[in-house]
Amino acid sequence: MRLLDEIFPLVEGFYVDLHRNPELSHQEHRTARSVAEWLSRAGYEVTAGIGGTGVVGVLRNGPGPTVLLRAAMDALPVAERTSLPYASTARGVDADGDEVPVMHACAHDAHTACLVGTADLLASAREQWSGTLLVVAQPGEETLDGAAGMLAERLYPRFGRPDVALAQHIGSAPAGLIQHRAGTILGTSARLKIRVFGSGGPSTRPHTTVDPVMTAASIVTRLQTVVAREIDPKDAAMVNVGVMRAGARVGAVPDEAYLEIDTRTLTERAAAKLHTAIERVVHAESQASGAPRAPEIVRDQRARVTDNNPDQTAVVAAAHRAFFGDDYVLDLPDPIIGSEDFPEFGLPDDPDPVPYVYWFIGGTPHETWNEAPGETPYEKLAAVPEAHAPDFAPDREPTLRAGLAAMTMGALAYLGRADAAGDSAPDMARTGERPPPVEAAHAAFGDHVDPEPPEEPAAAAAEETGESTHRADMADLLADHPEETGESTHRADMANLLADAPEETGESTHAADMAELLDPPSPARGPTRGTATGPSESLAGAEPPSGPAYPAPPPQGPPVAAPPPTSDDTDDEPPHRL
């Protein structure tokens, strides 16, 4: 992890570049090309065009488990209002052909930057681990079909089935805080497109028409009673009508009305009951209105429950606690009603699903968090900007540093070499045997996961003052007086960074270091109308990156050969290699 300081400026520059140049779902051509270039320079076998614009990098480094690391690349049709010097001014064309503003309002730029940074860190330290890394940059997470698209193009038969899949997401907790939850951490979601029909005519003769606007209005009102009266209160559920359109002029009754409904639940059982009730209400209201034909109902953008494997969540959480300290790693008491398509990589319909772990990294600046109204964390969370909001702006440096370290340590929990980590790391390679979480954690991290570690001097001093031990614990963890030994100053530098007064002046030099990166004005426009969508065989025709490049340092040492994954589909065309 001493390499983290060396690579961090590159990762930070990559993040800023992605933030200024966001791309909508399935239009991530520039982003995908940048990811592919970074992975290729780091020594990975890179394949582009998987599931449209998806990128896969494989690094085989001897025997051991296969670990999948995933990040999504797409942005949202949101106009940014963060006032950041690198704020997006990009515009794109959505699936309906409308020009819209584009912003990384869900922090996929941070996810992607941490992914390539982690891949580079691990490629530069091959002597510390053994196994195979499967790095996946996914398109179309916001449309909830990108993961399924990559799997449909035979992701696992072509590149190897992972023994565990890992992913993380930036959230609204204080920057740098890691949040885990075994079992359900995110719920289900689905979008229903509904069209109800009527018989149009002049508004002066309403008695001769069947008004679909009235039918749609009755549906909207009645749907709220489904949650209130048909769903068990223990099963959180939500129904939101986000789109409602009908008619083209005020003097006429239209022939049809169109609705789009967003549903979210925390269990698959509640989701099934909710959707059945919605369809029943829509049909009943149409019939009650005397509609000339049955309504049309299409369900798409469906996401399953994100259900973390408990044993592997314990292993990854132990790795994070060993590196960050207990004050930085918390267990979420309740699941979040948001949703993800990451569970598709776990093959939930397979008799032998792939275990996965999904966690959150806090991104809210500490000053913003402290100033937010509320006496409890839940009250503060409701008051700070959250994902999908136009003013959502993660605190860049602590968020990226935490994301880099969290994903790297998560991978090393399974790939770490026995002679580098003390005892052998959890061995999951092709055996189907998964060690109990406590044993696995101790195997990977030894004494670092003692339930009650001895109190350190700095932490004790902080407790005497009644203040949080957050900074003192991290300083004790990272400070090892490298100056005396002539070793890398990584830990000492991090300790200074986390201290309240890192320099004699009390000011951080970070802003000055970033000045050269931020001086150039933002481009007037990012990705523009006319970007191609749909599957592509390669990234050869992608829009070239604008602005300065942020190349990764070359990998250190030759790769260690390992046998490629076996496949019964030997007649298939080989994947395109960059």
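Model, not experiment: these values are computed from the prediction.
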Handout entry: Flag for H104-S88: side-chain donor and acceptor within less than 3.5 Å
Key = no

Exercise for the section: Output all residues satisfying side-chain hydrogen bond (donor to acceptor under 3.5 Å, both in side chains) with E371, sequence neighbours left out; order by chain, then residue number. Expected result: none

Fill in the blank from the handout: Residues at least two apart in sequence or cross-chain that pass side-chain hydrogen bond (donor to acceptor under 3.5 Å, both in side chains) with T188, listed by chain then number, are T265

Completion exercise
A406 meets the side-chain contact (heavy atoms from CB on, under 4.5 Å) criterion, sequence neighbours left out, with Q168, I178, H320, F324, W359, I361

Fill in the blank from the handout: Across all chains, not counting sequence neighbours, the side-chain contact (heavy atoms from CB on, under 4.5 Å) partners of A383 are A372, P373

Handout entry: F345 ring center within less than 6.0 Å of Y356 ring center
Key = no

Not counting sequence neighbours, which residues clear salt bridge (charged side-chain N to carboxylate O under 4.0 Å, His left out) with [X]? List them please.
X    : value
D341 : R70
R191 : E260, D300
R222 : none
R245 : none

Closest contact, heavy atoms only, [X] versus [Y]:
X    : Y    : result
L134 : G160 : CD2-O, 3.6 Å
R264 : S339 : NH1-OG, 3.1 Å
A303 : L144 : CB-CD1, 3.8 Å
G338 : L186 : O-CB, 3.4 Å
T306 : P343 : OG1-CG, 3.3 Å

Handout entry: side-chain hydrogen bond (donor to acceptor under 3.5 Å, both in side chains) pairs, two or more places apart, involving residues 382-395
Key = E142-H388

Exercise for the section: Start with the C-alpha gap between H180 and N308, add the side-chain angles, then the distance that decides, and say whether side-chain hydrogen bond (donor to acceptor under 3.5 Å, both in side chains) holds. Expected result: CA-CA 9 Å; H180 281 281; N308 280 331; 5.9 Å; no

Exercise for the section: Tell me, with the steps shown, if E12 and R396 meet salt bridge (charged side-chain N to carboxylate O under 4.0 Å, His left out). Expected result: CA-CA 8 Å; E12 190 174 36; R396 188 179 64 241; 2.8 Å; yes

Problem - Rounded distance (nearest 0.5 Å) linking atom CD of Q138 with atom CG of L115 - result: 11.0 Å

Exercise for the section: Look at the side chain of Q27 and the backbone N and O of V93, then say whether any donor-acceptor pair between them is shorter than 3.5 Å. Expected result: yes

Handout entry: Heavy-atom donor-acceptor pair, N240 side chain to D262 backbone, under 3.5 Å
Key = no

Exercise for the section: Check ring-ring contact (aromatic ring centres under 6.0 Å, His included) between Y44 and all other residues, then give those that pass, not counting sequence neighbours. Expected result: none

Exercise for the section: For H108, check ring-ring contact (aromatic ring centres under 6.0 Å, His included) against everything at least two apart and list the hits. Expected result: H111

Handout entry: All pairs passing salt bridge (charged side-chain N to carboxylate O under 4.0 Å, His left out) where residues 373-384 contributes a residue, at least two apart
Key = none

Problem - Salt bridge present between R30 and E23 (N-O < 4.0 angstrom) - result: no

